[in-house]
Amino acid sequence: MNTIYADYNATTPLDPEVRAAMNEALDVSFGNPSSIHQAGQAARRLVDRARAQVAGLIGAAPDEIVFTSGGTEADNLAVLGVAGAATGERRGMVTSAVEHKAVLDPCAYLQEQGRAVTFLPVDGDGRVEIAAAEGVATSDVALFSVMLANNDTGTLQPVAEIVHAAQACGVLVHSDAVQAAGKVPIDVKKLGVSLLSFSSHKIHGPKGAGALFVRYGVRLAPLVRGGRQERTLRPGTENVPAIVGFGKACDLARARLEADARRVAELRDHFEKQVLARIPGTRVNGGDHRLPNTSNIAFDRLDGEAITINLDMLGIAVSTGAACNSADKTPSHVLVAMGQSAACARSSVRFSFGRDTTDEEIDRAVNLVVSAVKLLREARP
Ligand code: PLP
C-alpha cells in the first residue's frame, strides 16, 4: 500500500512537465544569462520566459518580478528591503502575530535594532481584525506585512481591506503569499499590495526558487550586493534551471487552479466531516475563510506529535505545523496567538492535501487517523 502524502503545505512533488522543462535548461541552455554570446542569450531567453510565466500567476508585469532562492528570501527582502530604504519619520513596521518565521524573524531583528515593530493580534479564527490594523496605520509606519494565507491553519487574511487601511496613510503593504499562490486566485492589481512573496516548491516546482513581486516605483535596499542581476535587488548568477521550473510550475498552476481548488476542497471537506463524525473530541482550527486544501484538527487530550509519528508508521505523512519549526517542542505560535492554551495547541495536527490526492487516499486517511487516535487513547485513557 502506498504512503499517503498529506503535507502539501510543507512542500509538493515536482510535476513531470516541470522536470522536463528543467532538464532542457540543464542540458541545452547551460549558459550564463549575463553573457553576450549565443549560449548566454539562450539562457537569458529562458529566464525572460519564466519571468513572464511567474508574473502571469499573480497578474503582475514581468519587470515587477525579482527572482530569489525561495519564499524565505523573498520575505526577508520585502521586510528588510523596505526597512533599509526607509527614510525620515516613516520607519515603523507592522505585521501580524501569525506570520511565518520568514517574516517574524526579520521583524524581530529590526526590533532588536531599535525600530518600532507592532505585531497585530488575531481573533479566534486567526484573522487580523481590520480595526486593529486601522488603529496602527500612521505616518510613522513604512510597511505592513500580512500574509494571504496561513501555513498552519490555511486561514485567509483580509489583505485587500488591510491595504485599504494602510493606503489611507501612505503605508506600503507586503503579503506573504507562499501558501496562497496556486491555491486561490491572486491579482496583485486588485489586491493593491506593493510587495508579494511566493515560492516554487509549494506549487510543484523545484526547491531553490521563489519570487518577490515589487510594484513599479517601490524602493528596496538589497540584502546582497555584487552585480546587476534582478535590477540589483538580488545580484548573483541566476539559478536558471530552477527559475525555468518555477516558471513552468506557475503556468501549470494558473491553468489548473480553478479545477484543482474545487476538487481538493471537496476532498478536504469530506475528510474533515468524516474525522469529526467518527472521532469524539475533535475540532477544526482556523474558521471558514480557509485555503481549500488545509485541515488543522485538534484532538482533545492527545499530543499532535504522537499522532504524527503514529500516522507516519501507518503510512500517512502529516505534520504538526510549519516544517521549519518541527524540531522544537514549542506549540504553534499561530494557534497560541488565536487564544489557545499550549496544551490545546499541542493537540493539533495539520493535514494538507493537493493535486495528486485521490478519493481512495482520503477514505484510507480517515481510517488511519481513526486507528491512530484509538490506539493512543487506549494507551493513555
Ligand atoms: N511563508 C510561508 C507562509 C510558508 O509557509 C513558507 C514555507 O513553509 C515560507 C514563507 C518559506 O518559504 P520557502 O520554504 O520557499 O523558503
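Any value given below was found using the heavy atoms of this structure, including those in side chains, with hydrogens, waters and symmetry copies removed. Counting starts at 1 for both ligands and their atoms, following the listed order. Keep in mind that what you see is a predicted model, and the values were worked out from it rather than measured.
Close approach of ligand 1 to M147 (heavy-atom distance below 4.0 Å) involves ligand atoms 3 (C). Every atom of ligand 1 is numbered from 1 in the order shown, and the set under 4.0 Å from a heavy atom of G70 is 15 (O). Heavy-atom contacts of T72 reach the following atoms of ligand 1: 11 (C), 12 (O), 13 (P), 16 (O) (cutoff under 4.0 Å). Listed by number with element, the atoms of ligand 1 under 4.0 angstrom from any heavy atom of K202 are 6 (C), 7 (C), 8 (O).
Panel note: side chain T12, backbone H201; a donor-acceptor pair is recorded below 3.5 Å.
For D75, every heavy-atom contact with ligand 1 shorter than 4.0 Å involves the side chain, none the backbone. Proximity of K207 to ligand 1, defined as any heavy-atom pair under 4.0 Å, is not found for any part of the residue. Only the side chain of D176 comes within contact range of ligand 1, with a heavy atom under 4.0 Å; no backbone atom does.
Geometrically, ligand 1 and G71 share a nitrogen or oxygen pair separated by less than 3.5 Å.
Of the inter-residue distances, the one linking N150 atom CG with L148 atom CG reads 11.5 Å to the nearest 0.5 angstrom.
Within the set H100, E73, H201, E99, the minimum heavy-atom distance to atom 9 (C) of ligand 1 is found for H100.
Taking 4.5 Å as the limit, every side-chain heavy atom of T153 sits out of range of all side-chain heavy atoms of T294. No side-chain heavy atom of D356 sits less than 4.5 Å from a side-chain heavy atom of Y5.
Under the 4.5 angstrom side-chain criterion for Ile, Leu, Val, Met, Phe, Trp and Tyr, the cluster partners of L220 are V66, L77, V79, L80, V82, M93, V103, L104, Y109, L110, V117, F119, L143, L172, L195, L212, V214, V218, L223, V224, L233.
Counted within 6.0 Å of CZ on R19, heavy atoms from surrounding residues, nucleotides or ligands total 12 or fewer; the atom is thus considered open.
A345 meets the side chain to side chain contact (heavy atoms under 4.5 Å, CB included) test with P331, L335, V336, Q340; sequence neighbours excluded.
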